[in-house]
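Quick notes on the structure that follows.
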Amino acid sequence: MKRRELLLRGASTGAVATLLPALSTSSLAAPTPQFGPGMPDGLPMPPPLAGPSPRLPETDPSRTLLERGWRFHEGEVAVAEPADHNATYLSVKAGNARGAAALAFDDSDWQAVDLPHDWAIAQDVSESANVSQGYRPRGIGWYRRLLRLDESQKGRRLELHFDGIATHATIWVNGSEVAHSWSGYSSVIVDLTPFARFGDELNWIAVRVDATAREGWWYEGAGLYRHVWLVSRPAVSIETDGVYCDPVHQDDGTWLVPVQVSLSNVGETMAEAEISTRLLDPDGREIHRTGGRVSVPPLEQAQVANRFDPGTVKLWSPDSPVLYCIEVDLLHDGEVVDTRRQFIGFRTVRFDPARGMVLNGVETKLKGVCIHQDHTGVGTAIPDALALWRLQRLKAMGCNAIRMSHNAPAKEVLDWCDRLGFLVMGENRLFNPAPDYLAQLEWMVRRDRNHPSIVLWSVFNEEPMQGTHAGVEMVRRMRAAVRKLDRQRPVTAAMNGSFYNPENVSSVVDVMGFNYYQGDYDKFHALHPDKPITSSEDTSAYETRGAFESIPAQQVITSFDKEAASWGATHRDTWKMIAERPYVAGGFVWTGFDYHGEPTPYAWPTVSSFFGIMDLCGFPKTAFGIHSAHWRDDAPVIWLAPHWTWPEYEAPGREGQTLEVFAITNAEAIELRLNGEVIERVPAADRIMGHTFQVPYRPGRIEAVALRGGKVVARAVHETTGAPVALRLTPARQALASDGEDVQAITVDCVDSRGRHVPTANLPVDFTISGGRIIGLGNGNPNDHASEKGSKRALFNGLAQVIVEGDASGRRLTLEAHTAGLRPARLALARAPRAPRPQVPPVPAEMPITDWRRSAGFAQKPDPAFAPVDGDNNSWDFVRSGIAAPAGSSGWRSYRTRFTPWRKVAGEGGTLHFAQITGAAEVWLDGKLVARKTDAAPAALSAPLSAGTGARTLVVLIEAAQGAASGLTGRVYVSA
């Protein structure tokens, strides 16, 4: 089997027993032996994959991560009213932000954090907090970061990219308000170029996050929860998301790859831009090359358009996600100065009113799930490696489609979808064609329109205006905005009613999207036989992982696929209605994973959902086996529930009681055996509904066997285990990269004296770690209020999860687990050498003194007490340190400022640093001479700063040499 076809075959589920030959071990594929209920030990998770988590290839070398050295403050920072007219006057001037956005604000006692960061997931749950957000308080938070830019960066285009901030945000650079964000799911791109300072003059970035604002009715997290980047490009450069190269299938069956490159120029003069574009095959070999030139006016944009005829190509599909690459170089004097790499796939997708989705000419069902973007322990701040692992869990189930509900995902998620073979519905968050919100839709389409995984755009989810004239007009405008940017993919909307109103949005979308209303498929199709149909959301069934009876008083729901929301249906009933109708393109189960918040059908003390096919940790429920039987055609599958551990020591025992047993397979027949005795044989297995048996409980071994042509092709086994005697730690992968970014989800369980997984254990566990850190904990229990941070977690129905991040030392990561009365477990993960991705270096905290008043020149040295009167904003210049006074005749100037030292300095004292003063100088602090410089040549100067609270007055008297420049020609700052 080709390597690309092995993608995630090795991420086999611990709940589906299969018999497959061992496959080669690559970073994305590993052996798939029989396991899960069919494994002797019964652990319902896959064996570790080989090596560390792979890293995505770099597509934009102009980006550098800006994720170390941030400071964070939870809560609002009060800003006092300006003290007088002069302070009021200054407060509204550029660069003079106040409070925590001010350059000299004291953040010395703020928490040091690395990004991505979700502060809400660390909160204790509280019944007074919002139910939909998982009862976790959110509120206001502030981030600050000091940034040094080398002088060589002058004249270049500089940007800050915030990939996601939950929820609303305001961003300042050097005291100037530079951006607002009205959505937690859209990138914020800041043009840093006009605000940047270089060399010794440092830059302050401040971000106020308002997480009291809600966009959803689910857990949304809080803070800078996606990647942040510093971008540095030449003055003439390729714009962000500036390469559009989605392949087009021609009417004659051939392919065309149009490539449109958008350029911008922040320089002062007209510039000539030369573009070289290459098409690379899946092995990285160049197939074609072309180029073009264009003139780009200053502060304007221009485009270069090319096209490739790729000839015969390999098609992209979920089973064979073959990727090609478009590489675009911008050249200056023959040298490459800017590069983008965009991976593309050749595939045809058509939504047909009668045949459903037709992929590459083949009718293909969307075997899909809806997902939110949070995970146990980390909330929305999901590391790239964990995002990959979550997708692998879905792929192992046979899932081929994902609805990104209800927002644009992180870019890295779509990059993995391209490589793993998922069909994706990209979804807009806010239903609003007003300019601020239409810009969010346009950003999403522009960013994601090259991904072969994206097959549909959805402009809204379940909007009350969907059956009104206003709703139709809104969708018309949003659809038009999408079509201007993407000429190929159809537009849908996830409707939950109003399909038959005289005016409704189904008339102005390309594909009708049903949220539930499964009983209306036939009626709508009969009324609109020319309209393609898909289920955009379905099921909403409830399960508690590992529970096999519903206990309403404890808010526990059976995982026998019996309970569903009033608007939904069970997993089996829902898929039956989709599978039997060829005109329904497919469906998206609500949901692939449980998620924090929206704790339907219960509220407090339940704090997360029951909807998932998997729980919050990615541990499988019975629904996982059901959908594996529905969706996997590549291997025989069988699932058996419940476990068979009902011993007398777990009172009350089940000896002699009749238990419900469920089995489902994609094979022809099922045989159920208990302790070697055939209980029942089903010659014609129902692949969709499965089979329920009534079995008198006897300890031992229960086994479901899948048969084809009378031969056993797969089996699932549960054994009655003994009492737990030891803990066990099972990693997702066999190694951890030494780049300081790689993470792993580690399964925690306990085993009996024969080494078998004990599915009923609910024991508290303590963890210790070296060579890394624990970034999250969980167990999948929707009713558990224990912290998802720290070093303690209890098993729930036999399982818990620890998410670990390795440090950059290269040392083995060692995790130990302890609980009273059981043997501890120790896991040592090998470290695979891998260089860290470049990070913008943190800058040590120092208090800048940047804003000064400068007097006119004096022939004689002025009195240090000489100052402008309050309200005089005209007779003294407003200047910044680092800028010289113009050359002229000799004489003196006075430089004045007032500053309040940071708390540590105020308490202990510190040092005033003048990186460079040009001219002879005296430094006066609070009316006292503290330093003197007698030489006129540029030089550094330091002065002691005594302890003391309150504002301090700093005056520097500088004497210019005849005809020479003078002044505070370097930065001024205070250190502790």
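By convention here, the first residue in the shown sequence is residue 1.
- Annotation: the span from His73 atom NE2 to Trp142 atom CH2 amounts to 9.5 Å, rounded to 0.5 Å.
- With sequence neighbours excluded, the residues that form a salt bridge (Lys or Arg N to Asp or Glu O under 4.0 Å) with Asp109 are Arg903.
- The residue from Phe588, Trp590, Phe431 that alone fulfils the ring pair (Phe, Tyr, Trp, His ring centres under 6.0 Å) condition with His406 is Trp590.
- Considering all non-hydrogen atoms of both residues, Pro782 and Ser608 come closest at CA-OG, 3.2 Å.
- Using a 4.0 Å cut-off between charged side-chain N and carboxylate O, Asp807 and Arg831 make a salt bridge.
- Not counting sequence neighbours, the partners of Ser237 by the side-chain contact (heavy atoms from CB on, under 4.5 Å) test are Arg157, Arg233, Pro234, Ser264, Asp338.
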Evaluation steps, side chain to side chain contact (heavy atoms under 4.5 Å, CB included), between Leu388 and Leu56: CA-CA 10 Å; Leu388 167 63; Leu56 287 164; over 6 Å; no
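- Counting only residues at least two apart or on different chains, the salt bridge (charged side-chain N to carboxylate O under 4.0 Å, His left out) pairs with a member in residues 588-598 are Asp594-Lys621.
- Using a 4.5 Å heavy-atom threshold, the side chains of Glu215 and Asn407 count as separate.
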Check against side chain to side chain contact (heavy atoms under 4.5 Å, CB included), Tyr595 and Ile371: CA-CA 8 Å; Tyr595 51 94; Ile371 59 172; over 6 Å; no
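- Taking the charged nitrogens against the carboxylate oxygens, Asp246 and Arg449 have no contact shorter than 4.0 Å, which rules out a salt bridge.
- Considering only residues two or more places apart in sequence or on other chains, Phe593 meets the ring-ring contact (aromatic ring centres under 6.0 Å, His included) condition with none of them.
- Under the salt bridge (Lys or Arg N to Asp or Glu O under 4.0 Å) criterion, Asp784 pairs with Arg793, not counting sequence neighbours.
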Identify every side-chain donor-acceptor pair in residues 435-445 under 3.5 Å, counting partners at least two apart or on other chains, and give the distances.
none

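- Screening residues 112-124 for side chain to side chain donor-acceptor pair (under 3.5 Å) gives Glu74-Gln123, His117-Tyr143, Asp118-Tyr219, Asp118-Thr380 as the qualifying pairs, with residues at least two apart or on separate chains.
- Side-chain N or O atoms of Gln153 include none that pairs as donor or acceptor with a backbone N or O of Ser232 at under 3.5 Å.
- Rounded to the nearest 0.5 Å, atoms CG (Leu366) and CG (Asn400) are 6.5 Å apart.
- Across Asn515 and Ala494, no two heavy atoms sit closer than the pair OD1-CB, 3.3 Å.
- Each of His227, Glu67, Arg68, Arg145 was compared with Leu115 under the side-chain contact (heavy atoms from CB on, under 4.5 Å) criterion, and only Glu67 meets it.
- Side-chain atoms of Gln342 never come within 3.5 Å of backbone atoms of Asp241 as a donor-acceptor pair (strictly under, hydrogens ignored).
- Residues Trp457 and Arg479 have side chains not in contact (no heavy-atom distance under 4.5 Å, counting atoms from C-beta outward).
- Pro409 pairs by the side-chain contact (heavy atoms from CB on, under 4.5 Å) definition with Met404, Val413, Leu414, Arg447, not counting sequence neighbours.
- We find that Arg403 and Glu427 are joined by a salt bridge, their nearest charged nitrogen and carboxylate oxygen being less than 4.0 Å apart.
- Salt bridge absent: Arg63 and Glu159 never bring a charged side-chain N and a carboxylate O closer than 4.0 Å.
- In this structure, a donor-acceptor pair under 3.5 Å is absent between the side chains of Ser176 and Asn174.
- Atom CD1 of Ile775 sits about 11.5 Å away from atom CD1 of Ile121, to the nearest 0.5 Å.
- Salt bridge Arg136/Glu788: present, at least one basic N to carboxylate O contact under 4.0 Å.
- Scored by the ring-ring contact (aromatic ring centres under 6.0 Å, His included) test, Trp182 finds His168, His180 as partners (sequence neighbours excluded).
- Looking only at distances, no side-chain donor or acceptor of Thr492 sits under 3.5 Å from a matching main-chain atom of Ser458.
- Ring centroid separation for the pair Phe105 and Trp110 comes in under the 6.0 Å cut-off.
- Scanning for salt bridge (Lys or Arg N to Asp or Glu O under 4.0 Å) contacts around Asp384 gives Arg837, with sequence neighbours left out.
- For Arg226, the salt bridge (Lys or Arg N to Asp or Glu O under 4.0 Å) criterion is met by no residue, not counting sequence neighbours.
- When all heavy atoms of Gly368 and Cys399 are compared, the closest pair comes out as CA-SG, 4.3 Å.
- Distance check, rounded to the nearest 0.5 Å: CZ of Arg144 to CH2 of Trp204 gives 4.5 Å.
- Contact between Trp70 and Leu66 at its shortest, heavy atoms only, is NE1-O, 2.8 Å.
- Note that CG of Asp415 and CG of Asp448 are 9.0 Å apart. Values are rounded to the nearest 0.5 Å.
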Going through the distances and angles, do Ile344 and Trp316 end up as a side chain to side chain contact (heavy atoms under 4.5 Å, CB included)? CA-CA 9 Å; Ile344 60 173; Trp316 182 99; over 6 Å; no
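- Of the possible polar contacts, none joining the Asp418 side chain to the His451 backbone as a donor-acceptor pair under 3.5 Å is found.
- Residue-environment remark: CZ (Arg214) stays at or below the threshold of 12 foreign heavy atoms within 6.0 Å.
- Neither side chain, Tyr185 nor Gln373, offers a donor N or O lying under 3.5 Å from an acceptor on the other.
- Contact between Pro52 and Ala737 at its shortest, heavy atoms only, is CB-N, 3.4 Å.
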Determine, step by step, whether Gln133 and Tyr135 satisfy the side chain to side chain contact (heavy atoms under 4.5 Å, CB included) criterion, reporting the C-alpha distance in whole Å, the side-chain angles of both residues, the deciding distance to 0.1 Å, and the verdict. CA-CA 6 Å; Gln133 297 285 336; Tyr135 295 104; over 6 Å; no
Could you go through Ser262 and Gln301, starting from their C-alpha distance and side-chain angles, then the distance that decides it, and tell me whether this counts as side chain to side chain donor-acceptor pair (under 3.5 Å)? CA-CA 7 Å; Ser262 298; Gln301 291 79 39; over 6 Å; no
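- Panel note: side chain Lys789, backbone Gly377; a donor-acceptor pair is recorded below 3.5 Å.
- Summarising the geometry of Ser53 relative to Val743, their closest heavy-atom pair is OG-O, 3.9 Å, with the distance given to 0.1 Å.
- With sequence neighbours left out, the ring-ring contact (aromatic ring centres under 6.0 Å, His included) criterion links His161 to no other residue.
- A salt bridge does not link Arg733 to Asp742: none of the charged side-chain nitrogens sits closer than 4.0 Å to a carboxylate oxygen.
- Each of Thr212, Asn130, Thr167, Asp210 was checked for a side-chain hydrogen bond (donor to acceptor under 3.5 Å, both in side chains) with Arg138, and the lone residue meeting it is Thr167.
- Met478 contributes atom CE, which lies 7.5 Å from atom CG of Asn432 (distance to the nearest 0.5 angstrom).
- Glu58 contributes a side-chain N or O that, together with a main-chain N or O of Asp60, makes up a donor-acceptor pair within less than 3.5 Å.
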